[in-house]
Participant: 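Structure in C-alpha cells, see below.
Every chain is numbered from 1 and lettered A, B, ... according to where its sequence line falls, protein lines coming before strand lines.
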Amino acid sequence: MARALVTLLSDFGTADGYVAEMKGMLLTEASEATVVDVSHDVAAQDVDGARLALARYWKRFPEGAIHVVVVDPGVGTERRAIAVESQRRFLVGPDNGVLSPALLAPGARIVSLPIPHSASATFHGRDVFIPAAVHLAQGHGFDALGPPVDDPIVRRTPEPRRAADGAIEGQVVTVDRFGNLITNLIGVRGGMAVVGKRVAPVRRTYGDVKPGELVALVGSSGLLEIAVRDGHAAATLGVRRGDAVTLRGGAGA
Amino acid sequence: MARALVTLLSDFGTADGYVAEMKGMLLTEASEATVVDVSHDVAAQDVDGARLALARYWKRFPEGAIHVVVVDPGVGTERRAIAVESQRRFLVGPDNGVLSPALLAPGARIVSLPIPHSASATFHGRDVFIPAAVHLAQGHGFDALGPPVDDPIVRRTPEPRRAADGAIEGQVVTVDRFGNLITNLIGVRGGMAVVGKRVAPVRRTYGDVKPGELVALVGSSGLLEIAVRDGHAAATLGVRRGDAVTLRGGAGA
Amino acid sequence: MARALVTLLSDFGTADGYVAEMKGMLLTEASEATVVDVSHDVAAQDVDGARLALARYWKRFPEGAIHVVVVDPGVGTERRAIAVESQRRFLVGPDNGVLSPALLAPGARIVSLPIPHSASATFHGRDVFIPAAVHLAQGHGFDALGPPVDDPIVRRTPEPRRAADGAIEGQVVTVDRFGNLITNLIGVRGGMAVVGKRVAPVRRTYGDVKPGELVALVGSSGLLEIAVRDGHAAATLGVRRGDAVTLRGGAGA
C-alpha cells in the first residue's frame, strides 16, 4: 500500500495549537501518512467558503487521498459527523453541507461516524474526524466506520436564471484573496457583466484592459470572474458574496 | 530508526522567508526528516501565547518528536538557548519560559545550547535552534548538546482563587481565533461565569444557547471557555487576556 | 535518486483552494515528492517582496531542490514563463524578475516554458509551473523543458550611494513582519542610521537599547536593519519600502 495522504482544511487558524493537536494525533497513529495543509484560514464558520475551496481541490489529489474538512459551527449539537467515499477519494467532516462537492458526485457512499462519549463538545476535529482519518490511513475499510447515511445535508451554489430580455442573472459566489468576484456564470463567451451600476467587458485575461480597469474573464474553474486589473474588485465596487451579476449580450449558462 | 519528526512554531510569519531558511537548512542536514508546521502566526513576541499553544500539542506528537519553538524577543541578549528532553519528546528554544509545559513535566532534563560566534544576533532560529534540531534529528545524543541547566525560566498560567463567598476567581488566559475566551478554570460543573457585567451560564456546548447568546462550556483542554454562539465573544464583550472571570454557583478549581 | 523536494511560494493565500489544486496535481504526478510551503502570504502581486524572500532561502535548500514561485500579475499576457537551473537548484516561475536571485548567480541557465492552449489565462501556477516542476521532480532533463532564454527580466535591489559628505545613502528595501526596516546597507560597522528626522545608533542587537527605543543593527542576511525594541519600527516611524536611510559616521557600503 502506498503512503496514506491526508489533507486538512479548517477555520481554526494555526496559532492556538488546535491544528497541531490534530496533526500530532494523526502522525502518532498513522506515522507513515503524508499530511498536507490545504488551509486553516477559512473565515470562521464559513461553511460555503470551505465547500467552494473543496470543490477546487478534492479530485486534484491522487486516488485514495483522505480529505479532512473541519468547518463546523454545529459541533456538539445533534448534527451528524460523516465520512464519504466518492470518486475513489475519502472525505471526513461534519454533515453540514461542506462536503457537498463529493456528495453530489456519482456513486458517492456515506456513513455516519460515532461520537464517543469522551469526545469534547467543541473539538470533533480532534476527537471524531482525525480518528476516522486514522482508520482510513491505516488501511481499514470504509464501511467499518459507521452505518450508512442516505440523507446527508447538501448545499449547492445557486443556478443562474435567464431573464425575459435574454440576460443571464447570476451572483457572486465567493470573493478570492485578490478581491476577484467569482460568479456562478459558466460557459461565458463575449458580452459584458453588469455589477451594480458598473459594467465589465468579457475579455480573455487581466492584461486585456488597462491597470485599474474592470474586466470579466473566465477563471481557472470555468466560472466568470470580475476583476480590477492590478486592483481589488470587491473593495473597489463594494460588492460581497451573494450580490447580483448580470451577463448581457453574451453566451453563457 | 524511524524518520525524525520536527515541528516548528514561531512568530515569524512566512512571507519574509525566515522560516524557509530554517526549513532549508533542516532538510539539507537531515534530509529524511519530516517537517511539520505548527504555526508561524503567533502574535509577534507573544511568549505566553506560544506557551499555551505548545501545552496543547507537544505530547500529542509521537515519542521522539523534536519541537522547535522560536518566539524570542530576547534574541542576541544574555538569555540562554536551551534544549529539553521531557516525556520522551525533545524541545528546542529560548530560555524565556516558552517551553514551560515540557519543563514542568516530571523528569524533564535541560541543557544549554552553545551560541556560535558566527551566529546572527537576530536569528537564533536559524543559527542556534535548527542546528540543535538537526543534531537530534540525526540521532545524536541529547547530552552532547550542551551543559546541564537546573534553573530554566518557567512561566505558569495563574491559578484561580476561591473567594470568601465561595466564588472562584479566575481569568482569561488566551483568546482563540474564534474570539472564545479560554480561562484558567478547570473541572467546572454547573453554575455561571461572570465576565465584567455579563453572565454566561455553564452549558455543554454552543448549541445549547441561541445564536448571539453568551455561553460558558468546558473546552477541549478541560478549561472553561466563554463564547458567543456563532459570534466573537472577545469583541462582543471587549475582553482581553488577563481580564477577570468569576465562577458562581458551580463546582470547579 | 533522492526524493524530489519542491517548495512553493505564492501570493494566493490558502483559503480559496488554489494552492491545494497545485499540491494535488504535484502529488498525483510525482507522488514521492516532498512538498514544502514557503509562504502563500506574500502581499498580492508583490513581485519584489517575493524576490527578496527567495533571495533568503533558495540556496538554503539542498541541491536538486525545485523552487516554484508564483507571484504573477502578468499571468495570461505575453510575459514568458521560465525555468532556471542555478547553483544546482531549479526554479520555475514567471519572467517578471521574481527569480532574479537565481538568475544573477554565476552559471545560471534559463529556458522558456510552453504555455499550452488549454492553460487557463489566470492560473499558470496550476497549468504551466506545476507541470514543469513535475517534469523535474520525475527526473527528466532541464533542457527538455523548452528553448533557451538569454534575456530574462532581472530586478535588482538598488545600490546605496556615497554622498559628498561621506554619508552613505541607502533605502528601506522591505519591512518584515515585526515592522523592522530592512535596508540595502551592507557591511556596516558603527555610526548611526538616519530615517526622516530620527536617528538610530548602530548596535549589535535589540537588547542593547531600552524597550521602545530605536536601534540599527546588522540583520541575519548582513543588511542593516532599523528596529524599535519590542515595538514596530515601520508603524512608529511611518516609514515604508523605498524610503531613504542614511548612514552617518560609520563604515558600510
Side-chain angles (χ1 to χ4, degrees), chain A residues 2-3 5 7-11 14 34-43 46 49-65 67 71 89 101 174-180 182 203-208 211 215 217-223 225 227 229-232, chain C residues 3 6 8 10-47 70-79 94 96 115 117-131 134:
Chain A
R3 288 160 55 110
L5 180 61
T7 80
L8 303 179
L9 176 67
S10 80
D11 60 352
T14 55
T34 298
V35 180
V36 176
D37 286 306
V38 169
S39 183
H40 305 291
D41 290 340
V42 171
D46 182 6
R51 173 176 66 83
L52 291 161
L54 181 68
R56 283 194 160 273
Y57 71 78
W58 75 285
K59 283 192 290 189
R60 296 281 182 190
F61 282 84
E63 298 186 1
H67 298 301
V71 179
R89 280 85 178 173
T174 194
V175 175
D176 76 12
R177 190 197 188 212
F178 298 92
N180 299 330
I182 318 298
R203 295 287 182 265
R204 198 186 61 85
T205 192
Y206 309 120
D208 291 336
V215 62
L217 47 80
V218 177
S220 60
S221 292
L223 300 171
E225 302 181 9
R229 181 175 172 190
D230 300 342
H232 193 286
Chain C
R3 289 160 56 110
V6 181
L8 304 179
S10 79
D11 60 352
F12 290 164
T14 55
D16 298 313
Y18 300 120
V19 171
E21 281 192 86
M22 292 169 57
K23 290 180 177 177
M25 289 181 63
L26 184 60
L27 290 168
T28 297
E29 302 295 329
S31 62
E32 294 302 312
T34 297
V35 181
V36 176
D37 286 306
V38 170
S39 183
H40 305 291
D41 290 341
V42 171
Q45 310 194 336
D46 182 6
V47 172
V70 196
V71 178
D72 191 11
V75 62
T77 67
E78 295 299 307
R79 77 96 186 83
N96 62 10
I115 314 289
H117 277 292
S118 60
S120 159
T122 61
F123 193 9
H124 286 188
R126 182 188 70 190
D127 297 337
V128 175
F129 301 126
I130 287 293
V134 164

Participant: Any idea which of A/V218, A/D37, A/T7 has the most non-hydrogen atom pairs under 4.5 angstrom with chain C?
Facilitator: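 Option with the greatest count: A/D37.
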
Participant: I'd like to verify something: which residue of C/G17, C/G24, C/A15, C/G13 has the highest number of heavy-atom pairs under 4.5 Å with chain A?
Facilitator: C/G24

Participant: Drop me the distance from C/E21's CD to A/W58's CH2, to the nearest 0.5 angstrom.
Facilitator: 13.5 Å

Participant: Below 4.5 Å, heavy-atom pairs only: which of C/D16, C/T77, C/L26, C/V35 has the largest tally toward chain A?
Facilitator: C/D16

Participant: Any ion pair linking C/R79 and C/D72 (charged N to carboxylate O, less than 4.0 Å)?
Facilitator: yes

Participant: Output, in order, the C-alpha distance, side-chain angles, deciding distance and verdict of side chain to side chain donor-acceptor pair (under 3.5 Å) for C/S120 and A/S220.
Facilitator: CA-CA 5 Å; C/S120 159; A/S220 60; 4.8 Å; no

Participant: Need one label for C/V75: side chain, backbone, both or neither, based on atoms under 4.5 Å from any heavy atom in chain A.
Facilitator: both

Participant: Once rounded to the nearest 0.5 Å, what's the spacing between atom CG of C/L27 and atom CZ of A/R3?
Facilitator: 10.0 Å

Participant: Quick check on C/T28 against chain A: is it the side chain, the backbone, both or neither that has a heavy atom closer than 4.5 Å?
Facilitator: both

Participant: Checking heavy atoms, do the side chain of A/L54, its backbone, both or neither come under 4.5 Å from chain C?
Facilitator: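 Neither part.
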
Participant: What part of A/L9 is in contact with chain C, defined as an atom under 4.5 angstrom from a non-hydrogen atom: side chain, backbone, both or neither?
Facilitator: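 Interface part for A/L9: neither.
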
Participant: To the nearest 0.5 Å, how far apart are OG1 in C/T122 and CZ in A/R204?
Facilitator: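 That separation rounds to 10.0 Å.
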
Participant: Check each atom of A/V38 against the heavy atoms of chain C and say whether the ones under 4.5 Å are side chain, backbone, both or neither.
Facilitator: both

Participant: Distance check, rounded to the nearest 0.5 Å: C/T14 atom OG1 versus A/D41 atom CG?
Facilitator: 4.0 Å

Participant: Determine the option with the most heavy-atom pairs under 4.5 angstrom with chain A, choosing from C/Q45, C/H40, C/M25.
Facilitator: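 That would be C/Q45.
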
Participant: Checking C/D11 against chain A: side chain, backbone, both or neither under 4.5 Å from a heavy atom?
Facilitator: both

Participant: Taking the six-membered ring where the residue is Trp, are the ring centres of A/H67 and A/Y57 under 6.0 Å apart?
Facilitator: yes

